[in-house]
Amino acid sequence: MPDKEQRVVLGNEAIARGVVESGCQFFAAYPGTPSSEILPAIVRFKKENNLDIYVEWSTNEKVAFENALVASYTGKRAAVAMKQVGLNVATDPLMSSAYIGTMGGFVIISCDDPGPYSSQTEQDTRFMAMFAKVPVFDPSSPKEAQQMLPIAFELSEKYQIPVILRPVMRVSHAQQTIAFHPIHKVERKANFQRNPQRWSATPRYRFLLHKQLNIKLRKIGEEFNSMTSLNFIENDRDKAVLGIIAGGICYAMARDVLTELGLQLEIPTLKIGTPFPFPTEIVEAFIEKCDHVLILEETEPVIELQIRDKSKITGRLDGKIPNEGEMLPEVMTQVISDLCKKFSIPVGEAPSSAPLEKLVAGLGLPIRRPTLCSGCPHRSSFFAIKKAFPNGVFPSDIGCYTLGMNMESVDTCHDMGAAITFASGLYQTFHQDGKDVPIIATIGDSTFYHSGAPGLLNAVYNGSRFILVILDNSITAMTGMQPTPESGDTADGHPGKSLSLEELVKGCGVKYIRVVNPYDIKGMIREAKKAYAYTRGPEGGMAVIIARYPCITYQKEILKVKPIKVDIRHMPPPEKDLPQVKSGAMPQSLLPMYQDKIAPCTGACPIQVDARGYIDLISKGEFDQALTLVRQKNPFPAITGRLCARPCEKVCRRGDVDQPIAIDLLKRFLAERESAPAFDLTPGPKKETKVAIVGSGPTGLMAAYDLRRYGYPVTVFEALPSPGGTMAVGTARFRLPEDVLNREIDIVRKLGAEFKLNTRIGSKISLAELRAQGYQAIFLAIGAHKAKTLNLPGHDAKGVMDSLTFLKKIALKDKIPAFSRVVVLGGNDRALDAARTALRLGAKSVTVLFSRSKAEMPAEASEISEAEREGVSFQFFSVPSKIMTSRSKATELSFRKSVLSPPTSLGRRRVLSLHGPEKKLKADLIITSPVYIPDLSSLGDRVPQTAWNTIHVDALTLATPVDGLFAGGDAVTGPKNFIEGLAGGRKAALSIHRYLSGEELRTNREAEGVSTELVSVNIDKVETQPRIEEPVLSRESRKKNFKEVHLLPSEEALMAESRRCLHCGGCHQCDTCMIQCPEGAISKTEEGYVIDYNKCTGCRVCVRECPTSAIDMPAVGACVACGFCLKRFECPSLIRGEDGRVKIDRLTCVDCGLCAQVCSQEGIYHAG
Amino acid sequence: MNIQMIISGVGGQGVLLVTRIFAAFALREGYPLIGSEDHGMSQRGGSVMTYLKIGNFDSPLVKKGSADILLSLEKNEAYKTLHYLRPSSNGRDGGLCFINAPDPRYMNQEIKTYLQEKGIETFVFGADRLAREMGSLQSANIALIGFASAHPRFPFPHDNLRDAIERVTSPKFREGSLKIFKKAFSEGRKSIKQ
């Protein structure tokens, strides 16, 4: 037994031991596999032995190199460690340091990764040493690495030259029993001696330094020739058929292989530990003795190339050994036994494992590809990024998150920091072609500190626009949890400072920085989309999202404090193979199907105009088609666009995001286009039976229109001298211009309806007479024009008038007494029309009294604000108590403040009582807003009435109990709005048609009118965008005239407004389903999208993603074995069971709960 | 002693602890040890394999067809590492293989026959089941070693391995681990004799 302490250690720990034993006082590193364990082991030895070694994790390899190098300038021994590609980052200082040299010993440990197992390249650091002209040591085992380090430090100090130690992965990551030697304490004090000709040498001195370097190398080469501890021959003999020259790890492997082949005493072997500068003498002497020489080295032919006479040489250059990949014992065994056979050297037979490997390959076992850990926050970031930008380009970087490529969210992985530079280069090159492609770069926090920031500076400076997502898990996870500058923790716990990632990003000039929690997948998708909008905006630029959540493998306790347990519901095992949809075992009713649904706007419309449809056409600029679509249901879009109460806008889903679409305005725009296509006004096939319509308001006109379309001869009887009912006489002209009204009444006329004006039924002609004239059906659409008496003292004075009478007199140009101070009682549209009309006619003051608040006024908000703008004053919470008169003429109105009840179930507050002092308003015209009822007095007893003085009808058919007599509109419902009036006319027309055709009136009538079941689309991802501003006539231009107040916005603005539509319930070919389907099961044809049920797995992603709810598929609420979570979320703790269904691997599940956010079938659920 | 071993499994199963137990054994007994570990880029769930050579060896890798022992903690990883086992020409003293799998008959028949012909002895043992029954799901690795140590050709003496486990496991798991080791050993005695 050896007397020194023996331990089984990792190669990197043996290296650390060697560094410590050499008396190194300054050590810097940047983590990188397979080098990362060196520094922590140094810290451990430092603490165990109370050593004075400065140790730091630097922010990158160049930084580490320069820090350590300058420490050597002061005379201390210093070392730096990194992986081989890390040395690329530090090449700049490396090259120069060879010339300038060192004072204290300076060793660069650069760990190679043949294979490669976790690197971008298999590059061989020995070449780097030759290139930089520095000596390199190539250890064959952990033990030798440990032994080489004191020699390397000595050599470095002796020749004042940096020395490289290049362990390969199989040395760094091997485990071996080694002995711990005593630690050589070199306690030197920092002593920087000025020497400008060296430390800051100009090119002329560099030349001299180069010359000195060449001399040093020659001397070192000579020294290596005699360094028999590292370069020696085994089984030396004067003559051999075959000899082997082996370097580094290949020497160790060759020893084991030769022993297994029984050749350990047969073949002389020259072991090379210092491949550069080349120990030429010893090599050439060895070759001299052999007939043939096999060169075994890892990875590049560094030894082989330095041998001048290659006539005896076999190796990589002649292709006997593969020129790529790690040297494996099987390969080496094959090469050696082939050569032995060739040269008739007896050799043992190695058993073949090929038949067994072939049998196993035949089993088709799943490959366990590397994957992000369970609970990894990067997984949810990548999931969100891919969801937000299915067609994005995703440059990424070096780190755990490279594995995002499994989730199709990583397109490039090149070198440290290249995510950002690639993204900016991509942006610029697409931008050059005028192309707009979403580019989302991902980079880890540590990589960003390493070399991300310069690329970001450059991107900002040069005007690139893309999204950079910094995946901030607060640690350098992949290389084994080294601290980042953000943590402020240092390698050995010496005081450091915590840096702010946000501040750094801000310092790079980025104006848009958002910190998000990637565990909130929806939130992350939303933020990603917002960021994209920013990059595209006119004032936009670079957008940085910091996705911050700690590495869950490092901070396991986070989820232990608040675990989110999930479980998977399973349906009874299916009889056929899974996945169920593909196998046809999924019931038909559970498959996704395209199914357009009625949009809320259409559903809420009493005449079911396809608003979604015409808005979509407007957005495409197809205005003619849009108007045709409107006219299919509504022949009066111009009037509707002004008078409609807009139930569609009240239910518009967009209103839940910001404001409803300006549907009415869009319709008005269509109706007002000068180049609108002619309306095809062909009546239906001629019928003989005549229909009389009494009243020419919206209801009467609509019935006349529809009945003409059925083909009936129609006569419209109107009591007043002009047609239109309240549209003509109860609506102010500045809201509905006369020409607009007449234009659309003309539609009915042109269709062939006959109008008999000034013909009041009941006084001029009785209903009986109409029948006698051959009208087999009569439709009463007489409206509600009769004012109920007000319970207000003084209401019958002169100068008191109800609003309809007032407007009617104006419209019919009847005389009214002069007025100057006007008070209007009530807050409906007509009251405001009256108020504003009075103002236009010269009233000095107009005051509107309303019993409740402004918000509770029934009039349209825009009309209220326009009235205010025009100069109408308002008295809210005011109830009139009395009209004072003088000589039976109104002079003054007294009123008091109202006391209101709490809102009733309908949300309306009632006036409970009055309080406060009585106030007074002078007035010579008082306009009231009474309840209006139909005037049935002249129609005779045969018209049945309700208790509310309206006409009694069957609500489903609008038929009165009197045969052939129908009634609708306000005469039946009491005063309602315009659009409901149209609906009444339409309903009556159908009933009359059925009546006259002898059909059953009541069949299938339930679906008419508004629908109550309205589709509600998902608005999680909808960006806010304010509603269009409606332009109005200037205040000045309205004075003393009745010009229309509401104007039309520009065509572009209206098209933009139409694009705010969410297309609820209707497929509008946005391709989202096709893009999001993980199986590629959806394709687009001319007729729309088609689902290939042979590919569909039933994951239900299409349903969840469809922005318009146009695909139907009920959630099963159980695992359907679709595999979406396995394929797209790719969590290693979700595994497919033997029966095909997904199971949770409880051994590895960390209870992050993320998978439940991902399953669209609601099969994975939070189990409390 | 010159023994070459392969330990395979997936991340999170404790392949590393198995390695440490044998390293502790070798160190105590004064046998030199060298080995190496292959694992994927991530921390959990990926394939993990350790090469372990105890005795006079220089390189850390085990050549295919050279392993004396394969301990596999997962059935598919076992398949993928079977070819490291040393076949024998006489059909008697090939490598030994111990696999943790729930179904003792899981092994493909063709492969089973091939292994038998090559003198490779294969034992499938429900180490997970035993560990679960003993209340420590993560100790399947210890159970598998306990089971293997019952084999007469298993080169590591049971008691010395027991000591190694005692040294390597944390105090929290020590007692439980030793119980599982003992129980698995007695199950091994029964089934390996049959």
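Naming convention: chains lettered A, B, ... in sequence-line order (proteins, then strands); numbering from 1 in each chain. Just so we're clear, the structure is a prediction, and the values are computed from it rather than from any experiment. Note that these values count all heavy atoms, side chains included, but never hydrogens, waters or copies made by symmetry.
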Between B:Thr19 and A:Gln175: side-chain donor-acceptor atoms closer than 3.5 Å: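 No, because no side-chain N or O of B:Thr19 sits under 3.5 Å from a partner of the opposite role on A:Gln175.
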Rounded to the nearest 0.5 Å, what separation is found between the [atom1] atom of [X] and the [atom2] atom of [Y]?
X	Y	atom1	atom2	value
A:Leu356	B:Ile120	CG	CD1	6.5 Å
B:Gln4	A:Glu260	CD	CD	5.5 Å
B:Lys63	A:Gln334	NZ	CD	9.5 Å
B:Ile34	A:Ile178	CD1	CD1	11.0 Å
B:Ile111	A:Lys358	CD1	NZ	13.0 Å
B:Lys64	A:Leu328	NZ	CG	7.0 Å

Does any heavy atom of chain A fall under 4.5 Å from the side chain of [X], the backbone, both, or neither of them?
X	value
B:Lys118	neither
B:Glu117	neither
B:Leu85	neither
B:Asn76	both

What closest approach, in Å, do [X] and [Y] show between heavy atoms, and which atom pair accounts for it?
X	Y	value
A:Thr177	B:Tyr31	OG1-O, 4.2 Å
B:Glu37	A:Arg170	O-NH1, 4.1 Å
B:Tyr79	A:Leu365	CB-CD1, 3.3 Å
B:Tyr114	A:Ser352	OH-O, 4.3 Å
B:Leu61	A:Met253	CD1-CE, 3.9 Å

Is it the case that over 12 heavy atoms from other parts of the model lie below 6.0 angstrom from the [atom1] atom of [X]?
X	atom1	result
A:Arg1146	CZ	yes
B:Glu133	CD	yes
A:Tyr554	OH	no

Segment of A:Leu359 engaging chain B (4.5 angstrom heavy-atom cut-off):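 For A:Leu359, the contact with chain B is made by backbone and side chain together.
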Non-hydrogen atoms of chain B under 4.5 Å away: do they reach the side chain of A:Glu326, the backbone, both or neither?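 Only the side chain of A:Glu326 comes within 4.5 Å of chain B.
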Specify which of [options] makes the most heavy-atom pairs with chain B at under 4.5 Å.
options	answer
A:Gln176, A:Met332, A:Glu357	A:Glu357
A:Gly362, A:Ser1133, A:Ser353	A:Ser353
A:Ile249, A:Leu363, A:Thr259	A:Leu363
A:Pro355, A:Ser141, A:Gly11, A:Ser140	A:Pro355

Is there a donor-acceptor pair closer than 3.5 Å between any side-chain N or O of A:Asp256 and the backbone N or O of B:Phe57? no
B:Asp58: which of A:Arg255, A:Lys143, A:Lys271 passes salt bridge (Lys or Arg N to Asp or Glu O under 4.0 Å):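 Testing each of A:Arg255, A:Lys143, A:Lys271 against B:Asp58, the sole residue satisfying salt bridge (Lys or Arg N to Asp or Glu O under 4.0 Å) is A:Arg255.
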Looking at B:Gly65, B:Ser36, B:Pro60, B:Gly35, which makes the most heavy-atom pairs under 4.5 Å with chain A?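 Greatest number of close heavy-atom pairs with chain A: B:Gly35.
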